[in-house]
Amino acid sequence: MIPVTSFAGKTVAVFGLGGSGLASCHALKAGGAEVVAADDSAENVAKAAQAGFITADLRNVSWAKFAALVLAPGVPLTHPVPHWSVLKAREAGVEVIGDIELFCRERRRHAPNAPFVAITGTNGKSTTTALIAHLTKVAGYDTQMGGNIGTAILSLEPPRMGRVHVIEMSSYQIDLTPSLDPSVGILLNVSEDHIDRHGTLAHYAAVKERLVAAVQEGGTAIVGVDDGYCRDVADRLDRAGKNVVRISVKNPLASGLYVEHGNIVRASGGARSEVAALGGIGSLRGLHNAQNAACAAAAALAMGISLDVLQNGLRSFPGLAHRMEQVGRRGNVLFVNDSKGTNADATAHALSSFADIFWIAGGKPKAGGITSLTGFFPRIRKAYLIGEAAQEFSGTLGQVPHEISQTLDVAVEHAARDAEASGVTDAVVLLSPACASFDQYRNFEIRGTKFRELVQALPGVKPVV
């Protein structure tokens, strides 16, 4: 745990008592603050009370005593409307911050030069975060990984030299971290997502930009420049005098890192050199993972990690569950769990990675559906549609062979049968839903775990080695 000493002797309100909220309560208390905990969920309030914290309905207390409101990232800060607790705080002139802001203040107080790598982007955040953490561990760092990827940042060990914090940040978390100052900041990409929480794509992109714009003096801003928003971000950072490393998997660069013929190449001052090879690394298959790997490589180089260690780290990376996870093989058929493909852009990366796909898709639909994926339809041997989006996706697929399976268990059974009967040398049964999971599953992890269990229960399925 990281004790939060910056509010010692003061009273802090904490709203939103899930994992990160409760961790904030413990960290603030350990640092000498008095905590008043609140949530719209009576169950969460009861858990906080059982843990020994003062709880209250923040509608009925004096806000004059609060030094800050620590808001959980899932609670609306601006859109569609600010949460009532945010309005109360603003009326009282109380700053509204998140748990990563608390971490940043502690780092500045106690170890301002301790390595801090922060990662954001619409897609690829978690894989890139896990890969950087893996690379730093291989390089011998005491590595602490958390944030949006799972472990609340304040549950990690405190910053110190020789210890690196590798932190995934959502746009919600960036919004709540006004003094964010990583030593290495990474912006992978920007595409349409979370507009309900940011109002417009332009505002969403501007929030993402804050992470790389805020790298501390002497730090490194790493920006994927394969979309227009991020190209503009990189240019603005250049003009602001930041140390910018551009990343591309689509085009060679005059300066930066790019991927060419399965290799990560570094260009600088008219010279180019190979940094690492990606060929044959199953956990980094596909163009999207090439971008993740190139950004991770840039972070490793910024931290002084050698090329040999970098290459060994890339090759030994096991990948992440639910993200292009190879969960089994039966004869000619590979089963891939990409349950994290919760929007069309993420699913495009998965579809681009294989040639003969038996595609399981559907769930709770997002704006735009799968119309942007039509260029990949020739790769689809057959689609198996589940959940609320099934009828909509059926209409978009048109002449592409498909069935409405409704449920995941039926889709897996039918896709496995058809893929095996196809005689295709490298058939792939791919779960990449292009949808949220909420119509049938609480989250994408549960959906992906169910897929893995269903596949591994099929007769003759063996692990992928």
Side-chain angles (χ1 to χ4, degrees), residues 1-37 44 47-48 51-54 66-75 95-120 125-126 129-130 132-133 136-137 141-170 172-186 211 214-216 219 299 303:
M1 182 176 64
I2 302 174
V4 175
T5 60
S6 52
F7 285 97
K10 299 177 181 179
T11 303
V12 177
V14 177
F15 190 92
L17 301 174
S20 68
L22 208 53
S24 297
C25 291
H26 284 289
L28 285 159
K29 185 175 182 180
E34 181 176 275
V35 175
V36 178
N44 285 350
K47 287 179 182 177
F53 295 107
I54 299 168
F66 295 138
L69 168 63
V70 176
L71 194 70
V75 182
E95 65 173 341
V96 181
I97 56 178
D99 60 336
I100 298 180
E101 175 66 18
L102 298 177
F103 165 83
C104 289
R105 295 184 186 190
E106 291 308 302
R107 175 174 172 265
R108 272 196 305 281
R109 275 186 153 215
H110 303 295
N113 295 315
F116 169 28
V117 183
I119 302 97
T120 197
K125 296 187 295 295
S126 294
T129 301
I132 293 170
T136 56
K137 285 178 185 175
Y141 279 92
D142 172 354
T143 300
Q144 301 288 307
M145 182 180 77
N148 194 56
I149 198 169
T151 304
I153 193 169
L154 295 175
S155 297
L156 303 174
E157 293 299 311
R160 64 168 174 78
M161 291 309 295
R163 173 179 289 156
V164 59
H165 284 77
V166 184
I167 305 299
E168 177 186 335
M169 293 190 67
S170 70
Y172 309 159
Q173 290 167 316
I174 297 169
D175 244 350
L176 292 166
T177 313
S179 63
L180 178 63
D181 59 345
S183 51
V184 178
I186 300 174
L211 183 142
V215 293
Q216 65 189 69
M303 297 177 66

Subject >> Contacts of type side-chain hydrogen bond (donor to acceptor under 3.5 Å, both in side chains), residue N113, not counting sequence neighbours >> reply: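 In terms of side-chain hydrogen bond (donor to acceptor under 3.5 Å, both in side chains), with neighbours along the sequence ignored, N113 is linked to no residue.
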Original post:
If we ignore angles and hydrogens, is there a donor and acceptor under 3.5 Å between the side chains of E168 and N148?
Top reply: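 Yes - a donor-acceptor pair under 3.5 Å links their side chains.
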**OP:** Run the numbers on L154 and M1 for side-chain contact (heavy atoms from CB on, under 4.5 Å), then give the verdict.
**Re:** CA-CA 6 Å; L154 295 175; M1 182 176 64; 5.6 Å; no
Original post:
Charged N to carboxylate O under 4.0 angstrom, E95 versus K10?
Top reply: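 Answer for the salt bridge query: no.
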**OP:** With the side chain counted from C-beta on, respond yes when I97 and L102 share a heavy-atom pair under 4.5 Å apart, and no when they do not.
**Re:**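 The answer is yes; the side chains approach within 4.5 Å.
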**OP:** Kindly give the heavy-atom pair with the smallest separation between P182 and A214, and that separation in Å.
**Re:**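 Closest approach of P182 to A214, heavy atoms only: CD-O, 4.0 Å.
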Original post:
Side chains of P159 and H110: does their closest heavy-atom pair fall under 4.5 Å?
Top reply: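 Not in contact.
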Original post:
What's the spacing between D175 CG and L180 CG if we round to 0.5 Å?
Top reply: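 Between D175 CG and L180 CG, I get 11.5 Å after rounding to 0.5 Å.
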Original post:
Taking only residues two or more places apart in sequence or in another chain, which ones pass side-chain hydrogen bond (donor to acceptor under 3.5 Å, both in side chains) with E34?
Top reply: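 Listed in chain order: nothing, the list is empty.
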**OP:** For S183 and P115, indicate whether the former's side chain and the latter's backbone hold a donor-acceptor pair under 3.5 Å.
**Re:**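 Judged by distance alone, no pair lies under 3.5 Å.
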Subject >> Worked check of side-chain contact (heavy atoms from CB on, under 4.5 Å) between I100 and L176 >> reply: CA-CA 8 Å; I100 298 180; L176 292 166; over 6 Å; no
Subject >> Q173 vs T120 side-chain heavy atoms within contact, under 4.5 Å >> reply: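 Q173 does not reach T120 side chain to side chain.
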Subject >> Option from T143, D142, T136 for which side chain to side chain donor-acceptor pair (under 3.5 Å) with R163 holds >> reply: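 Among the candidates, only D142 passes.
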**OP:** Can you label the angle between the F53 ring and the H26 ring as parallel, tilted or perpendicular, going by 30° and 60°?
**Re:**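 Rings of F53 and H26: perpendicular, as their planes differ by over 60°.
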Original post:
Between atom CD of E101 and atom CD1 of I153, what is the distance when rounded to the nearest 0.5 Å?
Top reply: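 Answer rounded to 0.5 Å: 10.5 Å.
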Subject >> V70 to G98 - nearest heavy-atom pair and separation >> reply: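 The answer is CG1-C, 4.2 Å.
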Subject >> Residue from Y141, F116, F103 passing ring-ring contact (aromatic ring centres under 6.0 Å, His included) with H165 >> reply: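 Among Y141, F116, F103, the one that satisfies the ring-ring contact (aromatic ring centres under 6.0 Å, His included) with H165 is F103.
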Original post:
Residues in ring-ring contact (aromatic ring centres under 6.0 Å, His included) with F66, at least two apart?
Top reply: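 Per chain and number, F66 pairs via ring-ring contact (aromatic ring centres under 6.0 Å, His included) with W63.
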**OP:** Calculate, to the nearest 0.5 Å, the distance between atoms CD and CZ belonging to Q216 and R108 respectively.
**Re:**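 Nearest 0.5 Å value for the CD-CZ distance: 9.5 Å.
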**OP:** Locate the shortest heavy-atom distance separating P158 from P3; write the atom from each residue and the value.
**Re:**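 Of all heavy-atom pairs spanning P158 and P3, the closest is CG-CD, 4.4 Å.
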Original post:
What's the shortest heavy-atom distance between V215 and V184, and which atoms?
Top reply: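 Smallest interatomic distance, heavy atoms only, reads CG1-C, 4.3 Å.
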Original post:
CG/L211 to OG/S170 distance, rounded to the nearest 0.5 angstrom?
Top reply: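 Nearest 0.5 Å value for the CG-OG distance: 10.5 Å.
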**OP:** With rounding to the nearest 0.5 Å, note down the distance linking CD1 in I186 to CD1 in I167.
**Re:**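 Between I186 CD1 and I167 CD1, I get 12.0 Å after rounding to 0.5 Å.
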Original post:
Considering all heavy atoms of both residues, which atom of L17 and which atom of A48 are nearest to each other, and what is their separation?
Top reply: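 In this case the closest contact between L17 and A48 is CD1-CB, 3.7 Å.
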Original post:
Heavy-atom distance under 4.5 Å between the side chains of V12 and V4, does that happen here?
Top reply: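 A side-chain contact is absent here, since even the closest heavy-atom pair is not under 4.5 Å.
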**OP:** Measure the OG1-CG distance between T177 and D99 for me, rounded to the nearest 0.5 Å.
**Re:**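 If I round to the nearest 0.5 Å, the distance is 7.5 Å.
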Original post:
Taking all atoms of both residues into account, what is the closest heavy-atom pair of A27 and I2, and its distance?
Top reply: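 So the two residues come closest at CB-O, 3.2 Å.
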Original post:
Do T5 and R109 meet the criterion of a side-chain donor-acceptor pair at a distance under 3.5 Å?
Top reply: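 Distance-only check passes for T5 and R109.
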